[in-house]
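The block underneath contains the structure these notes are about, expressed in structure tokens.
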Amino acid sequence: MSDYKNIPLPERRRLRQKMIKKHNLANILTHWFNVASWLLLLPTGIAIISSPRLGITPLWWQETFRNLFGSAANLITFHYTIGFIWIFILLFNVLVGFRRYFVPFAVHRMLLDKDDIQWLMTKPLQMLGFMKGKELPPQDVYNAGQKVYSYFVVLGTLGIMISGPVMVFKNLFPPVVKQIAQPVHFLSVFMIVAWLFIHVYMGAVFPEEKEAFFSMFSGKVSAWYARAHHEKWYWEKIKEEMEWEDEVESQVRESIEGKRASDLPQSTE
Amino acid sequence: MPQKNHYAFVIDVSRCIDCRACLVACSVENKFPMNHTRIWVHDQGVQGEWPALSRIFIPYNCMHCDTPPCTEVCVSGATYKDKVSGLVLVDQQACIGCGFCVEACPYGVRYIDEKRGVVDKCNACVQRLEVGLPPACVATCLGKARMFGDLNDPNSEVSIALKNAKSVVRLDYEVGRTDTDPNIYYLNLAEMGGVKSSDSFGQVKQAALPREPHYTISEEGWKKVLVPLIAAGMGGAFLVQATFFTKQLIEGEKEFDE
Amino acid sequence: MPETKISRRDFIKLTSLAGGALALGQFLPLQVARAARDIGSLDDRGNGTISTLCEMCVWRCGVLAKVVEERVVKLEGNPEHPHSHGKLCARGQSGLMNTYDPDRILTPLIRVGQRGEGKFRPASWDEALNLVAENMLKIKRNYGPEAMVFSSTHNLSQPQFENLLYGFGSPNYGTQRSLCFNAMIVANLITYGMEEPDRDYSQLKYLILTGRNLTEAISTSETSALVDAIASGAKVVYIDPRFTKTASKASEWLPIRPGTDLAFHLALINFMIAEKRYNQPFVEQYLLGFDKLVEAVAGYTPEWAAPITGIDAQVIHRIAVEFSEAAPYALAHNGWRTSNFINSFPTERAIAILNAMTGNWGVTLLPSAEEGAGGLGQPPQPPYPRVSAQRLDGVPWKYPFVPLKIGIFQQMRDAILEGQPYQAHGWFISRQNPVLSLPDQQKTLEAFGKMDFIVSVDIIMNDTDWFADVVLPETSYLERYDPLVPMGNRIFIRQPVIEPQGDARSALWIYKELGKRLGLGDFFQYTDEEDYLRQELAPLGISLEELRLRGYVDLPEGNGGTEFQWSTPSGKIEVYSDALGKAGFDPLPAWQEPPQPKSGEFYLLTGKVGQHTQFGTQNNQLLHKYQDVPRLWINPEAAQTLGLKDWDLVEVTSPVGKVKVALQVTPAIRSDCVYLTPGFGHLSKGLRTAYGVGSSDSALHVTYVDPISGGQALSQTFVSVKKA
């Protein structure tokens, strides 16, 4: 079915102009809220890690931020304050209507199937210039790469959300728990950062995904993009559209039949 | 620019009578919990054969080392060597109480205050120094064994005491080497037999002889496993991304269609 | 002057105070914080420093108390006070834990259960004081005022305690002194005409320290002076059956056999006389009866002393030589607790004479500042009623040399028990813990059983309070005024640093209020503590406010010029005491063989630790934290013979009692001795920190009364030790 390359040009033009809604407002806001939080949390978090023995953060970075906030303690306070806001909003988004929205979404959209596995084995090589001829299997609204990325993000976020408060509520936990929380926090963050290199590249820089990037603002992608990259979802949307049209048509027909009875002139649409 | 001080303790062991006024004074001044202590007197116990007996007392607290292992391991920047006074201090708001520094200290002077979940130790009564008073232990020492002051000041009592001392010893964990450069200088310790065995008294058991810094397994694990792992992961991801990016730049922007 | 009705000041206080469950006619507690603010010691937020005096032991160092928001947060030594020189010992530093001890008694208590059950109910001051007065007057009516026994360890409010006692008409005054330094005091009185000459360490080159474990029985300034002297090169010969912390600092430690200090000093005297190593001009001019001494000590050679003391004759020779060569910068310390053996009194005489021979008077030994000097005034009062009854403790009719203000406490207790020469029926105790301090604890509790009524004044539920019928809560020293203390050419004040907690009141207040109810109001002619102090200051023209702000005032220049004279009958240092001779005692110190333990038994030694004061501080949480666990010291050889190990639980048995205690095997003690730190083994469950810690040595002590000085013989109890 991934034969989008065979679609004639006029049809392509029509498809390019037609827009389908991919992300709702809540998703968009949440995503950019997350970005903003990370932009605050990541640099401050990096500035906090000050163990000379581990040598992770350069001293000038630590000093800059400590001076900015006045002290190491203030820097930490800022970091975890933003952190708690971030935790609260994200959890709120996920947990409110957890069963109604999140669970079906997770089940429907986030699990890997056969096409996804195939895609994972093919796409990266294709990007490097190999396997040019091979056809990629059709993808859902989020392709396999995005799905795998989401797993790591969820895992990492959970790691951060649990290990962070452990270090803040320091009198509730024995020292060994806090000793473990530090590397967990750090590991989770930098695992996500590693993936971010790829996510930001693929989402914002890689030319094929330009529409994807703009869809994080408008919420919409063109039908052409959907047909090419997320075919399974495209046909789902088309099916929805056709069903919707059938529905409307049957309603009109009913109302027309109703009007014949009263002998009114035919109204055109 | 504020002058950098080199604060140090000089303790004349021949004058310590183990009256423990310093211990009580520190407890009252610094209000730490009953099951811990910031300061103690290391009691050698009775040495020698009857009737040639001897016994010395070695007052003990944080050495405010010049190359402290404790500040090396602090991940949150909570413990640090103050740039002005040279004292090793703990910012308990920044401290998360993980305890890496407690293990790292060769002298066992740090402890975790369970109730607050933070690390605590002698701070040379910095709140008293700010108003021109000596640390509480020094102020009340009946035998005048404890002295405190700025070694950068040639007229301070510590500088003068060191200059006139017959013998000066710093406690280290390998004979002849003071790896952490501690800032408690003991006078007359060599004459009185040096540091031997240890003893603990009362309800507060405290460390005896200094030992090499210990680094906790989790701290070692972090240093040896996680950081390299993460560096590799991030580096790898960056390289992957850079590869594709570079390829993209080289080949030019390919129009997606047509 | 009749008791004035409620004064204007009281009226103002009444109207300005809200609440207060106190009846009219009693004056209200002073508003300490407000008064301190008025004179500028505290600022508006209740922060500041107030100067007062410590009471954690008898040395009474000057204290600067740091107050933050009306709570005392730190105590520092007052640099202006000669006893502290700006330092405080462990007990002084812990003083605020005494004040904030959760076991403080904060309301008067009246017993509801059996004596010793510790069941009390809180009562108002009115009810408690009325009850006490009622009982005391009943005893007075039925048995005479002498049937009421008063005892108090020396306290700054002692003058008013004595007022109560003498005003009531009882002769029976018990202090702890016979358990401590009667031998030293009486010996000094006889030899020098003063209780205890002062010592000056600043030029000291040689010190013979007999007992007087200064690094553990801490007297702040003297302990510091000793350490300074040693650091300056002074030689210290320390004589003690135990290797104490002082021994570890001394140049030489002599592990003398207990009870033979006398032989040692007699040998020194003998040798110095034989070799003419004494200050001949001084001796000729100022000593009385020296020639008789020469005769009397002829046989006490070092060779004679060596087998008795266990110290080599050569060592005694050498020390005598060194000591005399260092003269006059030499000193033989007269000790402190000198109630050790039945021969402690002649030992003290020998020490006093040894000093006199070196001519160190005015160099290392100085005339003491007399107590009660300073020209202070006092409230007017009528003369005391005549006392016809004899004292129960046999002073002075059986013991003519014991000062009345000191008495023989253990004898008083025995007389209560025996009912001779009459039966006592009531006991008033203030700032004292005889249940734990008197030897033979069982006897003390039996004596309590003979009382119809026992009232105790204390700050915490100590052992004696546990067995009392009424307990009156005194304010701790940080919460009260006491009569002024002249020291040298200064007068120091003890003043409250914080508001008194709960319903506690000062002794000055308690004695006055009780006195009023006993019909003795005329003996307490002050309206409140501040009024009392103002009356004390009146002759000197110094304001109380000035004294409170600075903590001390300098006295105006005294009238000096009179030639110093020893207050002995002859005006000289009396080596030979006619008075002693006439009373049938030895006019010169003579050797007295002390009793010895049988084989398998040990001398039970007692002593002090630097972290506690006698029987009163064991509940202080800070001192408890840093104390050594109190165990029985025993020598490793002795332990091995008995098959005992370190930390074994052992049973210690004496002729009068038995205790169980953990063992401490240490080489720091002779193999014929064991040692127990006093003050533990508290019986009162009201001491939640101290109860259950250690064991009491006084439960083992056998009672003795030295016929001359009335002193107890604390080391003369012999015990056996076995595994519990």
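Lettering follows sequence order; numbering is per chain, from 1.
Residue C:K66 qualifies as open at atom NZ: its count of foreign heavy atoms under 6.0 Å is 12 or below. No more than 12 heavy-atom neighbours from other residues, nucleotides or ligands sit within 6.0 angstrom of CD on B:Q93. More than 12 heavy-atom neighbours from other residues, nucleotides or ligands sit within 6.0 angstrom of CD on B:E114.
Most heavy-atom pairs under 4.5 Å with chain B: of the set C:G86, C:C89, C:G92, this distinction falls to C:C89. Contact count against chain B (heavy-atom pairs under 4.5 Å) is highest for C:D228 among C:D228, C:V73, C:L96. The choice from C:H85, C:Q611, C:Q621, C:M97 that makes the most heavy-atom pairs within less than 4.5 Å of chain B is C:Q611.
Within the 4.5 angstrom heavy-atom criterion, no atom of C:R91 approaches chain B. Residue B:C22: no heavy atom, backbone or side chain, is found under 4.5 Å from chain C. Of the two parts of C:T223, only the side chain, counted from C-beta on, holds a non-hydrogen atom closer than 4.5 Å to a non-hydrogen atom of chain B. For C:L254, no part lies under 4.5 angstrom from a heavy atom of chain B. Only the side chain of C:N635 comes within less than 4.5 Å of a heavy atom in chain B; its backbone stays farther off.
Between the side chain of C:E216 and the main chain of B:C19, no donor-acceptor pair closer than 3.5 Å is present. Within the 3.5 Å criterion, the main-chain N or O of B:D18 finds a donor-acceptor partner in the side chain of C:K245.
B:T140 and C:Q93 are linked by a side-chain donor-acceptor pair at a separation below 3.5 angstrom, with hydrogens and angles left out of the test.
Among all heavy-atom pairs drawn from C:S248 and B:F57, the shortest one is OG-CE1, 4.0 Å. The nearest pair of heavy atoms linking C:F243 to B:V46 is CD2-CG1, 4.3 Å. C:A90 and B:A21 get closest at one heavy-atom pair: N-CB, 3.3 Å. B:S27 and C:Y626 make their closest contact through OG-OH, 3.1 Å (heavy atoms, listed as atom of the first residue, atom of the second, distance). Closest non-hydrogen pair, C:K249 versus B:V13, comes out as NZ-O, 3.9 Å. Across all non-hydrogen atoms, the minimal contact from B:A139 to C:E76 is CB-OE1, 4.4 Å.
Two residues are said to be in side-chain contact when any heavy atoms from C-beta on lie closer than 4.5 Å; C:K87 and B:K144 meet this criterion. The closest side-chain heavy-atom distance from B:L53 to C:P667 is below 4.5 Å. Inter-residue side-chain proximity for B:R128 and C:K74 is flagged as met; some heavy-atom pair is nearer than 4.5 Å.
The side-chain contact (heavy atoms from CB on, under 4.5 Å) with B:L142 is formed by just one residue from the set C:T220, C:V227, C:L226, C:L88; it is C:T220.
The CD atom of C:Q627 lies 9.0 Å from the CZ atom of B:R20; values are rounded to the nearest 0.5 Å. With rounding to the nearest 0.5 angstrom, the CZ atom of B:R15 is 9.5 Å from the CD1 atom of C:I230. From C:I218, atom CD1 reaches atom CD1 of B:I17 across 5.0 Å, with rounding to the nearest 0.5 Å. From B:T37, atom OG1 reaches atom NZ of C:K625 across 5.0 Å, with rounding to the nearest 0.5 Å. Atom CG of C:L75 and atom CD of B:E29 lie 11.0 Å apart (nearest 0.5 Å). Rounding to the nearest 0.5 Å places CG of C:D628 at 7.5 Å from CG of B:D43.
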Candidate pair C:E637 and B:W50, rule side chain to side chain contact (heavy atoms under 4.5 Å, CB included), full reasoning: CA-CA 11 Å; C:E637 272 177 34; B:W50 178 280; over 6 Å; no
